[in-house]
Student: 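The structure under discussion is supplied below as structure tokens; questions concerning it will follow.
Note that ligands are numbered from 1 as they come in the structure, with each ligand's atoms numbered from 1 the same way. Quick note: residue numbers are just sequence positions, from 1.
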Amino acid sequence: MTIKQLFAAAALSALVAAPTLADDLVPLSDETVEVAKMLRDKALESDEAYDLLASLTTKVGARLAASPKEVEAQAWGVEEFTRLGFDKVWKEPVMVPKWTRILERAEVVGNYAQPLVITALGKSVGTPEGGVTAEIVHFATFDDLKAADPAMVKDKIVFISNRMERFKTGAGYGPAVKARGAGASEAARKGAKAILIRSIGTDTHRLPHTGGVTYDEDAPKIAAAALSNPDADQLVRMLGYSDSISVHLNIQTTMEDPVEMYNVVGEITGRVKPDEYVVLGSHLDSWDLGTGAVDDGAGVAITMAAANLIQDLTKERPYRSIRVVLFSAEELGLIGARQYAEAHEKKGDMANHMIGAESDFGAGPVWALASNVSENAVHVVDKMAALMGPLGIVRADRKAGGGPDVGQLRAKGMPVMDLMQDGTDYFDLHHTADDTLDKVDPAALRQNVAAWVVFTYLAAEWPGSFR
Ligand SMILES: [Zn+2]
């Protein structure tokens, strides 16, 4: 064979071996791919998401679930969807308990007396009026508290000092957050008067991280608060100098009966299958300390901007509908998402929710794409990943979970994707007073929208099924 013949043979075999779609798979048209590319490139030139985020975090600011600020945020959502020209905008009711932070103070008394910087955990009960004073009993981890003899714990204030580790994926959160979620009931069952945990956060600032505590039905409810990282270090050092360190803790909160809040939905109605939905999820509520820029104003802005680009820049509505859902009360326990999943299961249209994804991991760039879809749709995911390649995004070799809110819909059978963000710095800010707009990089936000618009457009325009 001459060199020329060799090339010809190679070209021929490449042609034969080129991946052609199996006959039973629904192809993705070249035109759809071209439009997705155009949308991706336009997204990189648009600051729509940043403008939405600035508007939400400035005009409304912090928006604790069930507070008057969440009501304002919901009105903001309706107004912005309408202004952007979404085809349908509506609210779905959610009952949300109303927790309010009133007072939080802690100080070391006796040996090494000095104030400590703390914040009450979300949903925490108060201490008795005037506060409690008790000796500290220290555990390195939640599991150590679990294994402890109740006699050690009785009438003390439990202190758990485990430090959250920093990972790009946020993998340090799960192991550390047990102390926040389950620590109070575990301590109370052993007779503790209150619990202080090291903040679940990776920063070294003197800013405590709030976040929900979960009380078990069978345990007494005790006050629960988080120390800033430096204050937790301080307490650990004091315990090195003396076995007897006492703290006075005064936390006052209220918990009122549930009030009616709303998931806010903006829809771009499909031209062929209006009753099939691609779901873009995020949550509109935030904790009360910062202005909720990274958690989860960023997700709200990214998903709204991605869907908006599609309705703005394409000639016609996509094949199926796009629903941008701004969930209520995620921080109090995924209340809005659970309500959405239950309501739509009852309504009988859960099966029309074709695929979904959630943006709730800050404003860092997307770096990987994971999927959890039927085999027949994998070739579409491959194309999404290829189109996201120039944005620095790789295919993740794990199954997508869908995120906390959209995960509730996955549990009812909806396929999901994860647009995985770089969360290296996310837990420096998460649930603190430092979660503010200045921490958001507009370029990273544009990159997010570019990735989201590729996912959203292909998911809405490909006529096959992800289920
Ligand atoms: Zn969040």
Side-chain angles (χ1 to χ4, degrees), residues 49 52-53 56-57 60-67 69-70 73-74 77 94 96 99 119 121-123 164 169-174 176-177 180-181 199-202 209-214 226 261 263-264 279-304 324-340 356-364 366 401-410 416 418-437 439-440 444-445 448 452:
L52 285 164
L53 182 57
L56 175 63
T57 56
V60 183
R63 40 201 186 276
L64 184 64
S67 75
K69 297 306 285 186
E70 196 191 14
Q74 288 160 355
V94 187
V96 182
W99 178 80
T119 191
L121 296 184
K123 298 183 283 179
M164 182 185 162
T169 57
Y173 191 60
V177 82
R180 192 189 79 204
S199 280
I200 311 304
T202 47
H209 298 236
T210 190
V213 56
T214 305
M261 289 288 125
N263 295 322
V264 180
V279 177
L280 314 192
S282 66
H283 64 89
L284 202 45
D285 66 309
S286 76
W287 284 111
D288 49 343
L289 304 178
T291 60
V294 303
D295 188 11
D296 182 25
V300 167
I302 290 163
T303 54
M304 286 176 83
V324 179
V325 186
L326 312 180
F327 291 106
S328 167
E330 188 269 353
E331 299 291 5
L332 296 193
L334 317 176
I335 298 172
R338 290 185 209 275
Q339 167 62 28
Y340 184 98
E358 173 169 343
S359 179
D360 185 15
F361 199 50
V366 178
D405 282 332
V406 169
Q408 304 305 310
L409 281 66
R410 176 182 59 92
V416 292
D418 289 342
L419 286 84
M420 296 165 63
Q421 287 171 282
D422 185 333
T424 307
D425 303 329
Y426 180 59
F427 290 101
D428 292 347
L429 308 168
H430 185 248
H431 299 180
T432 72
D434 229 5
D435 178 0
T436 50
L437 182 66
K439 312 306 185 304
V440 175
L445 215 54
N448 269 271
W452 272 83

Student: Less than 2.8 Å away from the Zn ion (ligand 1), how many protein N/O/S atoms can be counted, ignoring water?
Tutor: 4
Student: Can you list every salt bridge (charged side-chain N to carboxylate O under 4.0 Å, His left out) pair that touches residues 425-435, not counting sequence neighbours?
Tutor: Arg166-Asp425, Arg166-Asp428, Asp434-Lys439
Student: Does the pair Ser359 and Gln421 meet the rule for a side chain to side chain contact (heavy atoms under 4.5 Å, CB included), with working shown?
Tutor: CA-CA 9 Å; Ser359 179; Gln421 287 171 282; 4.1 Å; yes
Student: Counting N and O atoms only, with roles assigned by atom type, does the side chain of Lys123 sit under 3.5 Å from a partner on the main chain of Trp99, one being a donor and the other an acceptor?
Tutor: no
Student: At what distance, to the nearest 0.5 angstrom, does CG of Asp296 lie from CZ of Arg63?
Tutor: 8.5 Å
Student: Please check: side-chain N/O of Gln339 versus main-chain N/O of Val94, any donor-acceptor pairing under 3.5 Å?
Tutor: no
Student: Could you tell me how the ring of Phe427 sits relative to the ring of His430: parallel (under 30°), tilted (30 to 60°) or perpendicular (over 60°)?
Tutor: perpendicular
